[in-house]
There are 2 protein chains.
Amino acid sequence: MDRTMILDAYDPQCPIRNILARMSDKWSLLVIYTLTQTDKMRFRDLRHAIPDISQKMLTVTLRTLEEDGFVKRTIYPEVPPRVEYALTERAVSLFPHINSLIIWAKENMDNIISDRKKDKIK
Amino acid sequence: MDRTMILDAYDPQCPIRNILARMSDKWSLLVIYTLTQTDKMRFRDLRHAIPDISQKMLTVTLRTLEEDGFVKRTIYPEVPPRVEYALTERAVSLFPHINSLIIWAKENMDNIISDRKKDKIK
DNA sequence: CCGGATCCCGTATGATACTG
DNA sequence: CAGTATCATACGGGATCCGG
């Protein structure tokens with residue numbers, strides 16, 4: 001097992017904890033994943049792709065991702081307005097790590113869910 | 001970029017989303033990380049290792065991790081009681097993926113925090 | 001010493017209506 | 001179309017007390 005030390009991992013202000021915390025909200029990973037499917041998407045396309053996200057949370061999530069440099073937002077001064085979202089290079093470099101987590105989850109989900117049910121029977 | 005499809009990723013009941021959501025709460029990853037540092041730890045050792053976790057949240061986090069088969073809990077019927085926690089094979093197999101995320105965060109945190117500040121000035 | 005039970009608060013999230 | 005504004009709510013998480 002890799003036991004690489006993380007400096008200050010136990011400091012509540014640890015930037016790594018901070019970054020991981022911001023990526024692990026309810027929607028961020030799913031929005032990033034969705035944007036990997038196409039090079040750029042409009043706001044309404046994202047809403048359509050993620051049926052159960054509210055308009056507000058999509059806006060909030062996109063703004064946070066933009067602040068952290070994961071998403072590039074492009075406004076076209078047209079009527080009606082058009083706004084396109086695309087992943088940045090930073091997000092592209094992050095995605096393989098997320099994807100390896102997803103693949104692990106896919107391989108293990110059946111056993112995990114099975115374990116949970118066992119506990120409930122006890 | 002890897003565009004491997006996730007079946008039902010947009011189903012709110014998607015097990016992968018469920019599992020990722022449960023792993024991405026405030027403490028789970030840090031507790032798993034802490035348990036990689038030693039083969040087994042007592043409750044109070046974990047509290048000591050993670051100074052800012054409350055007793056309740058450590059209990060809740062450990063129970064959830066146990067339910068999902070990430071942690072093995074061993075109670076020794078002694079007085080005073082002794083309870084030891086250790087990672088399961090499942091958690092050991094998960095850790096490299098978490099660690100790759102941590103390493104990515106370590107490499108990118110300075111730039112991300114710098115970007116955030118830029119946005120605030122605007 | 002371990003950790004369960006209870007109470008409480010702030011933030012994250014959601015529903016709805018409105019606007020440039 | 002792409003949001004804002006407002007109001008409502010659920011849940012995570014902390015403080016404290018209690019019990020085996």
Side-chain angles (χ1 to χ4, degrees), chain A residues 10 12-14 17-32 34-35 38 40-68 71-86 119-120 122, chain B residues 10 12-14 17-32 34-35 40-68 71-86 119 122:
Chain A
Y10 300 112
Q13 305 305 319
C14 168
R17 276 174 68 174
N18 177 290
I19 289 169
L20 291 177
R22 271 181 86 151
M23 295 191 316
S24 66
D25 65 10
K26 187 170 179 182
W27 300 110
S28 292
L29 291 185
L30 192 59
V31 168
I32 288 175
T34 302
L35 285 170
T38 315
K40 57 190 178 186
M41 293 181 83
R42 297 183 64 167
F43 188 89
R44 70 184 199 96
D45 297 330
L46 283 163
R47 279 208 77 182
H48 183 254
I50 310 175
D52 60 327
I53 196 170
S54 69
Q55 189 171 33
K56 173 185 171 181
M57 287 318 298
L58 180 54
T59 300
V60 169
T61 302
L62 285 168
R63 289 300 149 83
T64 303
L65 290 175
E66 190 190 5
E67 264 186 51
D68 284 11
V71 159
K72 177 77 165 48
R73 181 166 174 261
T74 308
I75 308 173
Y76 296 88
E78 305 172 354
V79 177
R82 180 161 58 101
V83 180
E84 285 179 348
Y85 295 91
D119 282 335
K120 289 202 173 170
K122 281 178 190 169
Chain B
Y10 300 112
Q13 305 305 321
C14 167
R17 275 175 69 173
N18 178 290
I19 289 169
L20 290 178
R22 271 180 87 151
M23 295 191 317
S24 66
D25 65 10
K26 185 170 178 182
W27 300 111
S28 292
L29 291 185
L30 193 58
V31 168
I32 289 175
T34 302
L35 285 170
K40 57 189 177 186
M41 292 182 83
R42 297 184 62 170
F43 187 90
R44 70 185 197 94
D45 298 330
L46 283 163
R47 278 209 79 183
H48 183 254
I50 309 174
D52 59 326
I53 196 171
S54 70
Q55 190 171 34
K56 172 187 169 179
M57 289 318 298
L58 181 53
T59 299
V60 169
T61 302
L62 285 168
R63 287 301 150 84
T64 303
L65 291 175
E66 191 192 4
E67 264 185 51
D68 284 10
V71 159
K72 177 77 165 48
R73 181 166 175 261
T74 308
I75 308 174
Y76 296 88
E78 304 171 357
V79 178
R82 180 161 57 102
V83 181
E84 286 181 347
Y85 295 91
D119 282 335
K122 279 177 192 170

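Numbered from 1 within each chain, the chains take letters A, B, ... in sequence-line order.
At a non-hydrogen distance threshold of 4.0 Å, R42(B), F43(B), R44(B) from residues 41-49 of chain B come into contact with DNA chain C.
Atom CD of residue E67(B) and atom CG of residue L62(B) lie 12.0 Å apart, to the nearest 0.5 angstrom. Atom CG of L65(B) sits about 14.5 Å away from atom NZ of K72(B), to the nearest 0.5 Å. Note that CD of E66(B) and CG of D68(B) are 10.5 Å apart. Values are rounded to the nearest 0.5 Å. Of the inter-residue distances, the one linking T34(A) atom OG1 with W27(A) atom CH2 reads 10.0 Å to the nearest 0.5 angstrom. Note: Y85(A) OH to R42(A) CZ = 11.0 Å, rounded to the nearest 0.5 Å. For the atom pair CG (L46(A)) and CG (L58(A)), the distance works out to 5.5 Å, reported to the nearest 0.5 Å.
In this structure, the CG atom of L58(B) is 10 Å from the C1' atom of dG3(C), given to the nearest Å.
Residues M57(A) and T61(A) approach most closely at O-OG1, 2.7 Å, considering heavy atoms.
Read 5' to 3', the first and last nucleotides of DNA chain D with an atom closer than 4.0 Å to a heavy atom of chain A are dC1(D) to dT4(D).
Among residues at least two apart or in separate chains, side-chain hydrogen bond (donor to acceptor under 3.5 Å, both in side chains) pairs with a member in residues 43-52 of chain A are D52(A)-R17(B).
In terms of phosphate contacts, R73(B) brings a side-chain nitrogen or oxygen within less than 4.0 Å of OP1 or OP2 of dG3(C). Phosphate proximity of dG3(C) to Y85(B): present, with a side-chain N or O under 4.0 Å from OP1 or OP2.
Computed from C1' positions of five pairs at each end, the angle between the two local axes of the helix from dC1(C)-dG20(D) to dG20(C)-dC1(D) equals 50°, rounded to 10 degrees.
Taking the side chain to side chain contact (heavy atoms under 4.5 Å, CB included) definition, one finds that K40(B) meets it with E84(B), A86(B), sequence neighbours left out.
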### Message
What does the B/S/- profile of nucleotides 13-18 of chain C look like, 5' to 3', with a 4.0 Å heavy-atom cutoff to protein?
### Response
BBB-B-

